[in-house]
Amino acid sequence: MNELKQFRKDFLFNFFIEFFLYFPFLTGWLTNGDGTTHSLFHKKAYTWEAMNGRFGIRLTDTLFRSRIIMPYLSTLLTLIFLDLMILLILRLFRVEKKLYRILISLILIASPTISNQMTYYYCSDSYMFSYLLSVLGLLILAEGAGFTVLGYRIFRMRFGSGIAFLCATLCFTISLSLYQAPLIMSVTAALLYFLGFAVTNEESFMGGRFSKDFRCRFLRMLFGGIAGVLIYILAFFLIRRFTGIEVTKAHGFNDVFSFSAQEGGGLLSRIGGAYRDTFRYFLTNDIIRNSWRRRGMVNAAIMIFTVALTVFRLRQHTPVMLLRWITAIVLLLLLPFTMGIVTVIAPGAPLTGETGLLTVMQMNFLYVYLLILAMNGGKKESREYHVLRAVSVLLSVMLVWILFTYTFAFMHVLRLNHSRAMGVGARIVDAVEESGEYEDGMRLMVGGVMEKGKYPFPDKELLDIVQGSVAAYSMFWDGGVHSEGWAGFLKAEFGMDYDYVRSDEHNAILEDPEYQAMSIFPEDGSVKKIGDVLVIKLSR
C-alpha cells in the first residue's frame, strides 16, 4: 500500500510539472519541418518510417489515436509515458530520498531531447513509448524473477527467470521497432547501473571477485540486450524481404554498424569521435548553446564533482579492493563513449543536424549519476562528503533552472516560427491568387527560405539560444522537401490545395536560369510560372 501511495504521489507530481512546462504543446501547432512535411492531418503512409527501421510506429499510431494527428492527445500520451519512464528510472537506480527523486525527475522532464521530441505530433507518443519499453526491459533484466509491480511479484510461475528474460527481450525489440535512440540510452543507463554498484556497493567485490548477484545481473542485461537487437534485426530483414522496402540512406541508416564505410572514418576514428561528441555536447557551442546562462561552466563543474565523488566513495573502503577500483575506473572511462556512441553506430547521423538533439537523451544520465553519488554517502559521512554533496545538489538546482528557462525560450521560438509562417503564408496565398494562375490541384514550388530573404527572424539573440534544436530551423526544412512542407502548411491553415514538385524537379528548377533571374518575394517578379509549375522565390 505504501508503494502504491508513493507511486501515486510521484506520478501526480511529475505530471503536474510536465503539464505546466509543456502546456503550449497541448494547445497549439508548435511543430517543425518534419511535422509540416510529413503530416498535419492524418498519417496515411508509413513508408518513410519503415525505411528507417521504425516499422512498429504504424501499429502504435493506429492503437493510440487511429493515425489522426491530434496535438492534445499525442502530447498527453507523451507526458504520461515520460512520467512512467522517469518512475522506472528512479526505481532502477534505487533513488529513495525525496529531494533526489525530485531533482532527477525535473532534469529528465526538462531535457532538450524531450522538448524537441514534443514537436513531432505525429510520432512523439510512439517515440516516448519506445523509451518507456526500453527502460522497462532494463529494469526487468536487473531484477529478474524478483521484478514486482506495486509490491506484486509478476514472474511467480516456474521458470520465472526465463519468462522475465523473454519479456525484457521483447521490450527491447518492440522499442527498437519504434525508435532506435532509446537503445543508446539503455546502454548508458546499464553502464551507470553497474558503475553505481562498483562505487556504492562494496559487498559486490568482497574476496577480490564479483559477487554472484553482480554477475547474474550483468549477464542478464548483456544477453537480454543482444537478444532484443538480434530479434529486431531479424524482424526488419523479414519485413524488407516480403515488402520490398529499401533501407533509407538518410542520416546514414543504411551504414549502421558498417565500419568499412568511409563516412566517419575507421572504427578507431569513430570511437574518438564518440568521446569528442560527448564533450562537445557538454562544454562547447557546437551542438547546443552552452555559453547561454553559463551552462557549459555548470556542466564542467558537474563533471569535476562527479569524478571527485566517485573517487571519494571508492576511498571510503579499507583495505583497498583492487577489482572494485579497476571496474569503476573502466566504467567511468567508458561513460563518455556510450553517451556519444551514435557516432560509432551511425556516423551519417550527426548531432549537429536538425534532429541531432533527439538522439542525446543519454547525456542526462551524467546528472542522474552525480545525484546518485550525492545521495549515497556510505557508512561514514565525513565533512568532506557533506561539502561535496551540498555543492552537487546546488549545481543540480542551477541546472534545473537553466533547463526550464531554455525550454520556455525554445517554445517561444516555435510560437514565433508559427506566427511568422502564418503571416508569410497569407501573403503567398494573396500573391498566387493575384497572379491569376491558381487552380485547385496545380503544382506549386516554394524556393528558398524566408529567413534568408525578406523575412529574417526578428531576434537573433533569441535564435542563438536554441541553436542546434529543431526550433532553430524554422517550420520548413531547406532543400528538396521545402515545397512539400509549404504544401502541408498552406493546406492546413489556408485551405489552398495544390500539388508540390518532388525533390529532383525542385532542385532542377533551382538551377534554372529563369528561376535565378527572379526577384525575392514579395517583390514584383517573385511569383512566376516555369513550365507547368507556379514558382515563388523566398530567397537566393
Side-chain angles (χ1 to χ4, degrees), residues 14 17-18 20-25 30-35 75 78-79 81-82 85-86 89 103-121 123-124 127-128 130-131 179 181-182 184-185 188-189 277-300 302-303 339-340 342 349-368 370 395-415 417 462-474:
N14 288 347
I17 298 297
E18 292 167 356
F20 163 76
L21 182 62
Y22 294 115
F23 183 76
F25 285 103
L30 303 184
T31 188
N32 58 64
D34 274 345
T75 301
T78 302
L79 296 180
F81 295 148
L82 171 62
M85 182 198 75
I86 291 172
I89 289 173
L103 286 174
I104 290 175
S105 297
L106 294 178
I107 288 171
L108 295 177
I109 287 171
S111 159
T113 294
I114 300 301
S115 56
N116 276 257
Q117 184 175 308
M118 287 292 181
T119 64
Y120 287 81
Y121 290 122
C123 63
S124 63
Y127 282 5
M128 190 52 64
S130 175
Y131 279 105
Y179 196 38
I184 303 173
M185 186 195 73
T188 303
D277 280 349
T278 296
F279 288 102
R280 285 168 67 204
Y281 177 84
F282 286 111
L283 303 177
T284 75
N285 290 327
D286 295 343
I287 297 173
I288 192 170
R289 181 64 66 177
N290 281 313
S291 59
W292 183 67
R293 305 208 69 175
R294 304 293 189 271
R295 175 164 43 192
M297 295 178 63
V298 173
N299 285 335
I302 286 175
M303 288 180 173
M339 288 181 173
V342 67
L351 299 185
T352 53
E354 297 94 332
T355 59
L357 290 182
L358 292 177
T359 64
V360 294
M361 185 64 182
Q362 66 277 3
M363 300 294 186
N364 295 283
F365 280 88
L366 171 66
Y367 313 131
V368 174
L370 174 69
L395 288 171
S396 299
V397 171
M398 293 171 61
L399 177 70
V400 166
W401 184 243
I402 291 172
L403 291 176
F404 269 68
T405 51
Y406 172 85
T407 303
F408 291 135
F410 174 83
M411 292 186 294
H412 187 39
V413 173
L414 287 174
R415 188 174 293 282
N417 286 341
L462 181 60
L463 195 62
D464 284 343
I465 294 173
V466 297
Q467 172 194 319
S469 70
V470 294
Y473 292 89
S474 183

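Distance check, rounded to the nearest 0.5 Å: CE of M118 to CG of L79 gives 4.0 Å. Here I107 contributes atom CD1 and I109 contributes atom CD1; the two are 10.5 Å apart, rounded to the nearest 0.5 Å. Atom CG in L103 sits 11.5 Å away from atom CG in L395 (nearest 0.5 Å). With rounding to the nearest 0.5 Å, the separation of CZ in F25 from CD1 in I114 is 11.0 Å. Rounded to the nearest 0.5 angstrom, I287 CD1 and S469 OG are separated by 13.0 Å. Rounded to the nearest 0.5 Å, atoms CG (L414) and OG (S474) are 10.0 Å apart.
Partners of F23 under the ring-ring contact (aromatic ring centres under 6.0 Å, His included) rule, at least two apart in sequence or in another chain, are F19. Under the side chain to side chain contact (heavy atoms under 4.5 Å, CB included) criterion, D277 pairs with R280, T343, L351, sequence neighbours left out. Y179 meets the ring-ring contact (aromatic ring centres under 6.0 Å, His included) test with Y127; sequence neighbours excluded. Checked against salt bridge (Lys or Arg N to Asp or Glu O under 4.0 Å), R289 has no partners two or more places apart in sequence or in another chain. Y281 pairs by the ring-ring contact (aromatic ring centres under 6.0 Å, His included) definition with nothing, not counting sequence neighbours.
Remark: the T119 side chain and the T31 side chain contain no N/O donor-acceptor pair separated by less than 3.5 Å. In this model, no donor atom of one side chain and acceptor atom of the other lie less than 3.5 Å apart for N32 and Y473. Residues N285 and S291 have side chains that bring a donor and an acceptor to within less than 3.5 angstrom of each other.
Under the 4.5 Å side-chain criterion, counting only non-hydrogen atoms from C-beta, N116 is not in contact with T113. You'll find the side chain of I302 stays beyond 4.5 Å of the side chain of F282, heavy atoms only. Residues M398 and R295 have side chains not in contact (no heavy-atom distance under 4.5 Å, counting atoms from C-beta outward). Counting heavy atoms from C-beta on, the side chains of Y120 and V470 come closer than 4.5 Å. Side-chain contact between Y131 and I86 is absent, with no heavy-atom pair separated by less than 4.5 Å. Looking at heavy atoms from C-beta onward, V368 lies in side-chain contact with L108 at the 4.5 angstrom threshold.
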Checklist entry - Hey, mind stepping through M303 and F279 against side-chain contact (heavy atoms from CB on, under 4.5 Å) and telling me if it holds? => result CA-CA 10 Å; M303 288 180 173; F279 288 102; 4.0 Å; yes
Next on the checklist: Could you walk me through whether Y121 and D34 satisfy the side chain to side chain donor-acceptor pair (under 3.5 Å) test, starting with their C-alpha distance in whole Å, then the side-chain angles of each, then the deciding distance to 0.1 Å, before giving a yes or no?
Outcome noted: CA-CA 10 Å; Y121 290 122; D34 274 345; over 6 Å; no
Checklist entry - Yes or no on side-chain contact (heavy atoms from CB on, under 4.5 Å) for N290 and L283, after CA distance, side-chain angles and deciding distance? => result CA-CA 6 Å; N290 281 313; L283 303 177; 5.7 Å; no
Item to check | Derivation and outcome, side-chain contact (heavy atoms from CB on, under 4.5 Å), residues M185 and M363 | outcome: CA-CA 8 Å; M185 186 195 73; M363 300 294 186; over 6 Å; no
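A donor-acceptor pair is defined here as one N or O able to donate and one able to accept, closer than 3.5 Å; such a pair exists between the side chain of T188 and the backbone of I184.
I288 and P112 make their closest contact through CD1-CG, 3.8 Å (heavy atoms, listed as atom of the first residue, atom of the second, distance). When all heavy atoms are compared, the tightest approach of Q362 to M339 is NE2-O, 2.7 Å. When all heavy atoms are compared, the tightest approach of V360 to L357 is CG2-O, 3.1 Å. Of all non-hydrogen atoms in N364 and S111, the two that sit nearest each other are ND2-OG, 3.1 Å. Nearest heavy-atom pair, A409 versus I465, reported as atom, atom and distance to 0.1 Å: CB-CG2, 4.1 Å. Nearest heavy atoms, L370 versus S396: CD2-OG, 4.2 Å.
For residues 401-415, the side chain to side chain donor-acceptor pair (under 3.5 Å) pairs, not counting sequence neighbours, are R293-T405.
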